[in-house]
Each structure stands twice: as C-alpha cells, then as structure tokens.
Amino acid sequence: MSNGAALTLDPLRLVARWSLRTADHVGRFSFLIADMFRGLAEWRIWVPRTLEQATAVGYGSLFIVLLVAGFAGAVTSLQTGYQFTGTLPLYYAGAVISESMILELGPVLTALILAGRIGARYAAELGTMRVTEQIDALESLGRSPVSHLLIPRVIAGLLVIPALTMFANATGIIVGYLTAKGSLGLTYADFEYGARYFFRPLDLWYSAIKSVCFAGALTTIPCYLGFNTQQGAEGVGRATTTAVVSASVAILMLDALTTKLLLVAK
Amino acid sequence: MIELLDVHKRFVENVVLDGVSLEVKDGETLALLGPSGVGKSVTLKMINGLLRPDAGDVIVDGLHVPQLGRKELATLRSRIGYVFQYGALFDSMSVAENIRLGITDETCYNDAKFCEDRVLECLRLVNLPPEVATKYPAELSGGMKKRVGIARAIAGQPKYLLYDEPTSGLDPVNADVIDGLIERLRDELGVTSVVVSHDVRGSFRVADRVALLWQAKIRAVGPPDEILASKDPAVLQFLERDLEMTLIQAESREGEGERGGETRGRNV
C-alpha cells in the first residue's frame, strides 16, 4: 500500500507516464486524421451520410445558437451603454456591438455551445457504437468506420458550424441594435454609421476562419475520443465529458492563436 | 482453411493467449469452448484481423492475416461473416439496412433489387418473417437480434462464419433455435464455421470438433465424443462446471418437447 502510494507520488514517474500517454494520444489522433484524408476518396459512402448529419446537427442546434447570440448581443449593448453614456458618442455603440459579435462573441460562444451539444453527441454516439461492437461489426464487414462514421460527422461540422456562426453574428448584432435603441435611444443611422466606420472586410473573414478552426477542433476531438472509448458505459461517460472539456479548451487556445496570427499580425 | 500458429496475446499484464495453435479445415465446424474471459473472443477477432497477435501467425485462405494491408484485409473480411455476441446491429438502421450492409460486393450492394431479394432470402434462412425487414433493432427481442446478426453475416455469402457466443443471454428455447440455425447454415451453405461458446451442450450439438481453451492454452481438441471421454482434469473440471446449467437446459428443452442433442446432453 505504502509502496503503491510512493510510486503514485513519484513526480518523475508521473511526468513520464503523462508524457507517454500524451505521445500515445497525439500519435493515434494523427493517424486518425490521416485515415480521414485517405477516406475522402470514398465519397460515395460519406456524402449521403454527411447530408444527414449536417441536417441533424445544424437544424437541431440553430435555436440554442441564436438564443445565446441574441442574449450576448443584448448584454453587450447594455454594458456598452453603461460604460459609454456621457463619455463617448453613441454611434460607438454600433461599432462595439457589431465588432465584438463578429470578432469574438459570435464564433467563440457558438463554438462553446456546440462543443457541448455536438461534441457530447459525437463522443457518446461513437463511444456507444464502440462498446456495443458496432464499429467492430463495420470493420468485420470489410467497411471503413472512418468513411462511414467519422468523415460525415467532421465534414458536417465543418459545413454547418461556420454557417451557424454567421447566423449568430447577425442575430447578436440585430438584438444588440434593438436593445441599444430601446435603452439608449440609439437611432439606426447612428448604429449603422458606427458599425460601418470600424468595419473591415477582414473581420468577416476572420470570423469565418475562426469558426472553421473551431469546427475542426470540436468535431475531430470528440470523434477521436468516442472512437477510442473503452470499458463500457463508464467509458462512454468518461469519453463524453473528456470530449466536451478538451474541445472547449482547444477552442479557447485556438481563439488566442487565431487572434495573434490574423489580427495582431495585421 | 483457418490456422492459428503459436499465437500469443496479452493485454497489459494479463496473458490471454500463450502459444495457441489451432486448425479449422474447410467445411468443418469447430466449437471453441472455455470459461468466461479465457480469450475465446480474442481468438475469433484475430481470425478476421480485428486484433493482431503479439507473436505467432494467423492464416486464413493461405493469407497471413497480421501482415495484410488495409485493402487486402477488407477483401478477406468480405469472405468472413462475423456474428457478434450481442448482435452489434446498427441502431439507427432498419433490419433491412443492417442486412444490406453485409452484402460486401459493391456492385451488388448498389443494386437495389438485388439487395431487396437478398435481404428477404437471408431473413428466410434465419427463420424470420419478411415483415421484420422494416423494423429497427430496438423493436426486436434478443433472439431476433441474434438472428438478424446471423442474417447480416451470411448476406455476403461468406466462406467462413465466426460465431461469438451465439446463444449467450438467450433462454433455452431460443438457444436451441440458434443452434439449429448454425447446423442448417452449415448444411445449406457449406461454410466453415468457428463457434465460440461456453454452452457445452449446444456446442457439442453443432460442432464437428471441439477445442477447449484453458488458462491461455488449447487444452484439448477433438470430436465431441472424444472430448467427453477425456480424462484430462481441466476438461473434466470445465465439463463439471457446466453440468448443472446443461442439465437445467436439457430438462427445459425436454419439457418444451424440443428435439436434438439429448443424448449428448445426458452424456455430459
């Protein structure tokens, strides 16, 4: 017992074990991504399934994404009013609301919401299929689980999530304007002037590029974790929570990275 | 022909297979028996390449399975039907779609008429009515799921059939139906089969030869009568362990007026 405790607390051993586990995950994740690229040739298999997944994921997520974006726009508008009233011209509110939605709140909030919704769904679905041997069954039939299960989910996410982000941006801006109109008395002309004054076309591209990066993270990580689930129902639960946490952390890291690369470099 | 040559497999510290060698001749049905967790399913998964041995070789149709590439393995698997322990049916697909997935020839798979006919033919072979085709796995009983699993496995007209615990979790009547089905498929389709089970009575009924996997090694191989006559302590211990369940099943079957395998059941 005491020997076991000593072994567990040995920092060198812990670091070594963590490093090995990380290297194992990185290696297997890389192979999975390579398999997905290889599987793209089997388009007859993944195209119809991608459409099914895109419909399920996109349509099913639309309401919650728009709801969150609407509230984000409203709160941004109220806080802008609280901070700017009496110090800056009101048209600045138009700039702050539209730019904060397009550059940050739209893509990041959408991705975090979808990490919970889509990420959990993918990990749980694939994890259950793994522990009930459905993935083994596909392989035993000479069919590729990557083409049948993973590629449709990832591509559906890559198509749908940027689209949802753009809807979220638009919703946040509209609700932000309506809130500013109600609480600050901001006119449409002032709002539009502020929004246009600070807007650059790159901003929309930036928002789209970010959402594609987030989509990549929040689909591939849960797919990888679900695909490699072990140990029954407990394993499915573990894979699901790990998928949501890992995808969320990856989104925040990618957020910092894309901001540094795309905006600060500019 | 299927050959396992000095196969070793371990999961972390747990040695599952320690120098297992086995041969299944064409057209033969071999039952692989052993207690739970002894590595029977692992052996089966090595035959169709779902698992790789740590050492040793697995040869199917003259092909060295562990050395096969992705495409060669897929081609080989199209000749091997695999019946999973719990059916492993795809929940989101109807029974017809599940069985259709078993049609491994791509040209046939894309021919809707052929698929429809083949699905109905497979359902007939496993004694299920055509109406089942439109149902989903959640609407089926355990025995029906197993039969749909078998139908999917035979849809591609395989040369080999691997059964992983085909009767586990079933009541004696349904277990008897599945055993009868295995016999019938062997006779009608002429496939080479490996049946993994710990149901002694059922295995002795369907198998031409029986192998006992005991403590990571093949302890005994031979025709059922030879195994029953064995004086090997491990064989006796395994058969005695199964005796009580076997007698209960035998009584239940006799009560149901079922036929088949009674003599062997009493011998055990």
Side-chain angles (χ1 to χ4, degrees), chain A residues 4 17 20-21 24 31-32 34-45 47-53 55-57 60 121-122 124-149 152-153 156 226-233 236, chain B residues 11-12 41-42 44-51 65 68-93 97-107 109-110 137-138 145 148-150 152-156 158 160-165:
Chain A
R17 194 177 294 165
L20 277 176
R21 203 179 298 147
D24 178 46
F31 276 116
L32 193 71
D35 278 348
M36 283 194 216
F37 277 108
R38 208 176 291 132
L40 287 175
E42 295 179 307
W43 61 271
R44 279 176 203 274
I45 294 167
V47 166
R49 290 172 173 82
T50 300
L51 296 176
E52 282 171 24
Q53 286 290 332
T55 310
V57 163
R121 176 193 169 121
Y122 283 2
E125 276 179 354
L126 293 169
T128 306
M129 292 183 84
R130 171 62 77 190
V131 299
T132 56
E133 295 187 310
Q134 291 178 47
I135 292 176
D136 284 347
L138 260 185
E139 283 191 78
S140 75
L141 293 166
R143 302 187 179 279
S144 161
V146 171
S147 308
H148 279 78
L149 304 173
R153 284 171 168 79
F227 197 69
N228 289 291
T229 299
Q230 290 173 331
Q231 296 168 356
V236 175
Chain B
F11 294 106
V12 196
S41 299
V42 169
L44 214 56
K45 284 181 177 174
M46 282 182 184
I47 293 173
N48 81 340
L50 285 172
L51 289 174
V65 179
L68 292 180
R70 192 184 304 261
K71 283 189 178 169
E72 292 88 359
L73 197 54
T75 310
L76 175 66
R77 283 170 176 164
S78 68
R79 299 202 295 272
I80 303 175
Y82 197 115
V83 180
F84 285 84
Q85 189 169 359
Y86 300 106
L89 302 178
F90 302 106
D91 307 324
S92 57
M93 294 181 183
E97 288 166 326
N98 265 286
I99 297 173
R100 189 184 172 198
L101 264 184
I103 300 170
T104 45
D105 183 296
E106 280 306 308
T107 315
Y109 179 78
N110 293 317
K145 279 183 191 169
V148 173
I150 295 174
R152 184 176 67 187
I154 60 174
Y160 302 97
L161 266 176
L162 310 179
Y163 298 90
D164 189 359
E165 303 275 11

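Proteins come first, then strands; the chains are lettered A, B, ... in the order of their sequence lines, and each starts at number 1.
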Side-chain heavy-atom pair B/Tyr109, A/Arg143 within 4.5 angstrom cut-off:
yes
Can you say whether [X] sits under 4.5 Å from chain A via the side chain, the backbone, both, or neither, judging by heavy atoms?
| X | value |
| --- | --- |
| B/Ile103 | backbone |
| B/Arg70 | side chain |
| B/Lys71 | neither |
| B/Leu101 | both |

Which pair of heavy atoms, one from B/Leu89 and one from A/Gln134, lies closest together, and at what distance?
O-CD, 3.3 Å
Show the nearest heavy-atom pair for residues B/Phe84 and A/Ala137, with the distance to one decimal.
CE1-CA, 3.4 Å
Between [atom1] on residue [X] and [atom2] on residue [Y], distance to nearest 0.5 Å:
| X | Y | atom1 | atom2 | value |
| --- | --- | --- | --- | --- |
| A/Ile135 | B/Leu50 | CD1 | CG | 11.5 Å |
| A/Arg49 | B/Ser92 | CZ | OG | 9.0 Å |
| B/Asp91 | A/Met129 | CG | CE | 7.5 Å |

Does CZ belonging to B/Phe11 count more than 12 external heavy atoms closer than 6.0 Å?
yes
Please determine whether the number of non-hydrogen atoms from other residues, nucleotides or ligands lying under 6.0 Å from atom CD of A/Gln231 exceeds 12.
no
Run the side-chain contact (heavy atoms from CB on, under 4.5 Å) check on A/Leu141 and B/Arg152 step by step: do they pass?
CA-CA 9 Å; A/Leu141 293 166; B/Arg152 184 176 67 187; 4.0 Å; yes
Portion of A/Thr132 that has a non-hydrogen atom of chain B nearer than 4.5 angstrom:
backbone
